[in-house]
Engineer: 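My questions will all concern the structure given below.
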Amino acid sequence: MLSLLTTTAGVGLALPWLAAAVVHTPTPPMGWNSYNYYNCYPNETIIKDNARGLVELGLSAVGYDVVTPDCGWPSKNRTADGQITWNPELFPSGFPALGEYLHGLGLKFGLYSGAGVWECTPDNGDATVGHEVEDAHTFAAWGGDALKYDNCWANIDTMIRFVDYNPSEKDPSVRFAAMSDALDSVNRSIVFSICQWGVGQDLGVWALKYGDTWRISNDIQDNWKSIWRIVNQAVPYVKHTGIGKYIDMDMLTVGLGALSYEEERFHFGMWAISKSPLVIGAPANASITSEESLAILSNKDVVALNQDLLGEQAQLIRRYTEEEYDIFAGNLSESRKVIGVANWSNSSKSVNIDLQLVGVQKSGNIRDVWAAKDLGQYEGAVKVDLKGHEAKLLILPVSAQLIYDVEPLYYPAATGILQGDAMSASCGGGCLPKGSKVTNMTVGSSVTFSNVSGGVLGGMKLIGIDYINYDVALASAWTNGTNTRNFTLSVNGGEPRRWSFPISGGDWYETGRLDVLLEGFHVGSVNELRVEAPGLDPGADLVGLAVYT
Ligand code: GAL
């Protein structure tokens with residue numbers, strides 16, 4: 001069933017864009033941005049103080065070097081010859097001088113504009129749409145090293161809403177492509193960070209062509225539930241990310257005061273292993289931002305996970321919704337893996353991680369990154385103790401890697417017995433592997449599979465659930481949007497168990513797979529497996545089940 005392979009590296013990734021595209025930022029950018037603390041009210045003193053703070057607190061030495069005044073920096077009107085310009089009351093020395101100041105400190109100058117007509121608050125001034133080439137030249141002339149490019153007032157036809165979650169435009173990528181081309185035409189390397197929040201379909205497919213990083217979600221808020229929402233939205237992008245192409249999970253809220261110590265470490269660690277840019281949103285000022293938070297941001301070992309040269313986004317390997325924890329894993333350079341064990345629950349727990357889950361038979365010395373402790377060598381499994389809301393990060397040197405050569409049996413959802421509102425729908429090649437799915441899984445609707453194989457052993461089985469969830473929290477990000485849909489699964493009339501399914505891809509056709517372990521199988525093809533939308537909200541669309549007997 002499983003074979004062993006002695007591995008030399010977790011490399012060999014197919015990165016089709018690398019051959020053609022210029023890599024502006026081989027590892028995720030790191031820096032500081034004014035928005036999370038100063039909102040749209042930056043000024044010269046604020047930016048300079050924080051820039052000096054980054055240097056004095058040692059944060060720039062850890063890698064945080066791009067300093068970005070976010071919204072609120074420009075003059076309300078362009079110059080007589082149409083150039084975007086700074087607000088002289090807020091920035092009396094001007095932007096070229098600010099660029100020089102930052103460069104003098106060994107930092108980089110990040111600029112902010114947008115693919116719309118105005119900044120999000122029109123009084124804050126113009127954005128760039130229609131002025132791409134001029135603005136790219138202006139930003140380069142000011143010594144700009146990076147550009148965060150937002151999406152407000154983008155619906156040029158109607159101009160009715162500053163944020164439009166249902167735009168009439170067919171293809172948002174056009175506005176971002178125009179700026180990407182303009183930046184390519186200037187004689188300066190400028191990292192391009194798309195901030196389109198994931199409105200419309202297939203962000204992962206188009207954004208990597210134009211951006212070095214791209215925001216996948218609506219804004220982070222300074223609360224714990226934002227972390228769950230954004231992590232669930234990040235999951236499917238493992239298909240699209242790689243060296244020089246990173247998802248942006250938004251600026252860090254570490255140090256802003258709402259998260260507990262464990263929650264701040266959880267947030268920072270998850271952003272790090274997901275290869276999100278690490279952009280500090282708290283003041284770089286020891287008298288405002290606690291020592292604990294500054295120590296989290298300064299943790300070189302966690303930052304090294306983010307800056308690993310393989311650039312691989314850690315993947316959701318297993319989810320245990322009722323037990324409230326997840327296991328993420330990803331390859332690191334030098335034949336290592338990182339495992340993130342994320343405890344979403346308020347209470348502490350001990351979990352036993354089967355190393356087979358991450359394809360490892362034997363590990364070298366496992367390192368607990370936050371504890372800065374070596375745990376020794378492991379074969380088979382490793383036990384981890386977690387506090388409430390703790391995410392443990394483990395590094396494993398991999399000496400022997402498992403290859404799974406088992407073919408599962410596949411049960412397409414449309415062959416099950418549908419109850420409630422469930423109905424089958426075709427979805428072409430989109431919902432692989434079968435091209436059909438069961439949709440409309442309202443509360444209480446279900447799909448029951450009969451004669452499911454329990455193999456020759458019965459007992460516990462690994463089931464790959466192919467599903468589709470594109471219920472993206474845009475407007476609902478501000479209330480209780482979670483980016484998840486739920487199903488319960490039960491075997492042979494046993495107790496139903498619930499799983500939360502994260503976003504699966506760029507539309508209602510793109511399939512994701514969540515692997516779960518289910519007990520209670522009998523030997524042979526005699527089992528009944530029921531998938532039901534529990535009394536929470538609608539279930540995901542169901543494509544089929546892969547049962548590993
Ligand atoms: C939002 C963006 C935020 C911040 C804000 C400024 O659209 O997602 O990160 O830049 O605009 O108004």
Side-chain angles (χ1 to χ4, degrees), residues 28-43 46-47 50 66-76 84 86-87 90 109-129 135 139 144 146-156 159 161-167 172 175-176 179 191-200 203 207 211-223 226-227 229-230 233-234 246-254 256 267 271 276-282 472-478 481 483:
M30 295 173 64
W32 181 91
N33 176 298
S34 56
Y35 181 63
N36 278 358
Y37 188 76
Y38 300 96
N39 205 305
C40 293
Y41 304 101
N43 62 40
I46 288 174
I47 302 300
N50 279 282
V66 185
V67 175
T68 308
D70 203 282
C71 50
W73 67 268
S75 164
K76 194 163 174 347
I84 198 161
W86 59 90
N87 178 330
L90 300 176
F109 190 11
L111 288 146
Y112 166 88
S113 190
V117 177
W118 300 302
E119 289 202 350
C120 299
T121 309
D123 275 354
N124 285 150
D126 263 16
T128 289
V129 87
D135 288 4
F139 297 152
L147 176 65
K148 171 177 172 182
Y149 205 54
D150 214 331
N151 194 41
C152 287
W153 299 105
N155 194 346
I156 302 151
M159 298 300 276
R161 264 175 251 121
F162 86 104
V163 165
D164 196 341
Y165 295 129
N166 292 301
R175 289 178 287 116
F176 293 87
M179 195 57 185
V191 172
F192 187 39
S193 292
I194 292 175
C195 177
Q196 189 264 358
W197 326 304
V199 178
L203 172 72
D212 301 302
T213 73
W214 64 95
R215 272 274 298 277
I216 56 158
S217 63
N218 211 331
D219 294 10
I220 194 168
Q221 290 167 285
D222 195 9
N223 57 41
S226 272
I227 310 299
R229 163 173 63 89
I230 295 173
Q233 201 158 353
Y246 299 109
I247 51 165
D248 181 350
M249 296 165 77
D250 205 358
M251 293 163 287
L252 299 162
T253 59
V254 175
L256 292 178
H267 165 35
W271 266 230
S276 171
L278 297 178
V279 182
I280 300 173
V472 175
L474 284 166
S476 64
W478 311 110
N483 286 313

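All values reported here derive from a predicted model rather than from experimental measurement. Just follow the structure's listing: the first ligand is 1, and inside any ligand the first atom is 1.
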Engineer: Could you tell me how the ring of Y149 sits relative to the ring of F176: parallel (under 30°), tilted (30 to 60°) or perpendicular (over 60°)?
Structural biologist: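 Perpendicular: the ring planes of Y149 and F176 meet at over 60°.
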Engineer: Tell me yes or no: SG of C120 and SG of C152, less than 2.5 Å apart?
Structural biologist: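 Yes, C120 links to C152 through a disulfide.
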Engineer: List every atom of ligand 1 that sits less than 4.0 Å from any heavy atom of C120, numbering the atoms from 1 in the order shown and giving each element.
Structural biologist: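 Ligand 1 atoms under the 4.0 Å threshold to C120: 7 (O), 11 (O), 12 (O).
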Engineer: How far is atom 6 (C) of ligand 1 from its nearest protein heavy atom, and which residue and atom is that?
Structural biologist: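 Result: C71 SG, 3.3 Å.
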Engineer: Given side-chain hydrogen bond (donor to acceptor under 3.5 Å, both in side chains), test N50 with Y38 step by step and report yes or no.
Structural biologist: CA-CA 11 Å; N50 279 282; Y38 300 96; 3.1 Å; yes
Engineer: Given V279, D248, D150, identify the one with the heavy atom nearest to atom 1 (C) of ligand 1.
Structural biologist: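 That would be D150.
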Engineer: List every atom of ligand 1 that sits less than 4.0 Å from any heavy atom of R215, numbering the atoms from 1 in the order shown and giving each element.
Structural biologist: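 Those of ligand 1 that fall under 4.0 Å from R215 are 8 (O), 9 (O).
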Engineer: Is the shortest side-chain heavy-atom distance between N218 and W478 below 4.5 Å?
Structural biologist: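 Result yes, sub-4.5 Å side-chain heavy-atom pair found.
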Engineer: I need the atoms of ligand 1 closer than 4.0 Å to a non-hydrogen atom of C40, numbered in the order shown.
Structural biologist: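 Near C40, meaning under 4.0 Å from one of its heavy atoms, ligand 1 has 12 (O).
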Engineer: How close do G72 and L90 get, heavy atom to heavy atom, and via which atoms?
Structural biologist: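 The pair with the smallest heavy-atom distance is O-CD1, 3.3 Å.
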Engineer: Is there side-chain contact between M179 and L147, with at least one heavy-atom pair below 4.5 Å?
Structural biologist: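 Yes; the side chains approach each other to less than 4.5 Å.
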Engineer: Mark up the atoms of ligand 1 that fall under 4.0 Å of a heavy atom belonging to D70, in ascending order.
Structural biologist: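 It comes down to these atoms of ligand 1: 4 (C), 6 (C), 10 (O).
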Engineer: Any N or O of D250 that comes nearer than 3.5 Å to an N or O of ligand 1?
Structural biologist: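 No: no nitrogen or oxygen of D250 is under 3.5 Å from one in ligand 1.
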Engineer: For atom 3 (C) of ligand 1, what is the closest protein heavy atom, and at what distance to 0.1 Å?
Structural biologist: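 Closest protein heavy atom to atom 3 (C) of ligand 1: D219 OD2, 3.5 Å.
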Engineer: Around atom OH of Y165, are there more than 12 heavy atoms of other residues, nucleotides or ligands at under 6.0 Å?
Structural biologist: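 Buried by this count: over 12 neighbours within 6.0 Å.
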Engineer: Does E119 reach ligand 1, in the sense of a heavy atom lying below 4.0 Å from it?
Structural biologist: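 In this structure, E119 fails to qualify as a contact of ligand 1 - no heavy atom is under 4.0 Å.
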Engineer: Using a strict 4.0 Å cut-off to heavy atoms of C195, name the atoms of ligand 1 that fall inside it.
Structural biologist: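 Per the distance check, 2 (C), 8 (O).
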Engineer: Identify the protein heavy atom lying closest to atom 5 (C) of ligand 1, giving its residue, its atom name and the separation to 0.1 Å.
Structural biologist: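 So the nearest neighbour among protein heavy atoms is Y35 CZ, 3.6 Å.
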Engineer: What protein heavy atom lies closest to atom 9 (O) of ligand 1? Include the residue and the distance to one decimal.
Structural biologist: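 Scanning the protein heavy atoms, the shortest distance from atom 9 (O) of ligand 1 goes to K148 NZ, 2.7 Å.
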Engineer: Any chance you could measure E119, atom CD, to D150, atom CG, to the nearest 0.5 Å?
Structural biologist: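 Reported to 0.5 Å precision, the distance equals 8.0 Å.
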Engineer: Heavy atoms only, cut-off 4.0 Å: how does M251 contact ligand 1, side chain, backbone, both, or neither?
Structural biologist: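 Side chain only.
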Engineer: Parallel, tilted or perpendicular: which describes the rings of F162 and W153, with under 30° parallel and over 60° perpendicular?
Structural biologist: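 Plane angle between 30° and 60°, so tilted.
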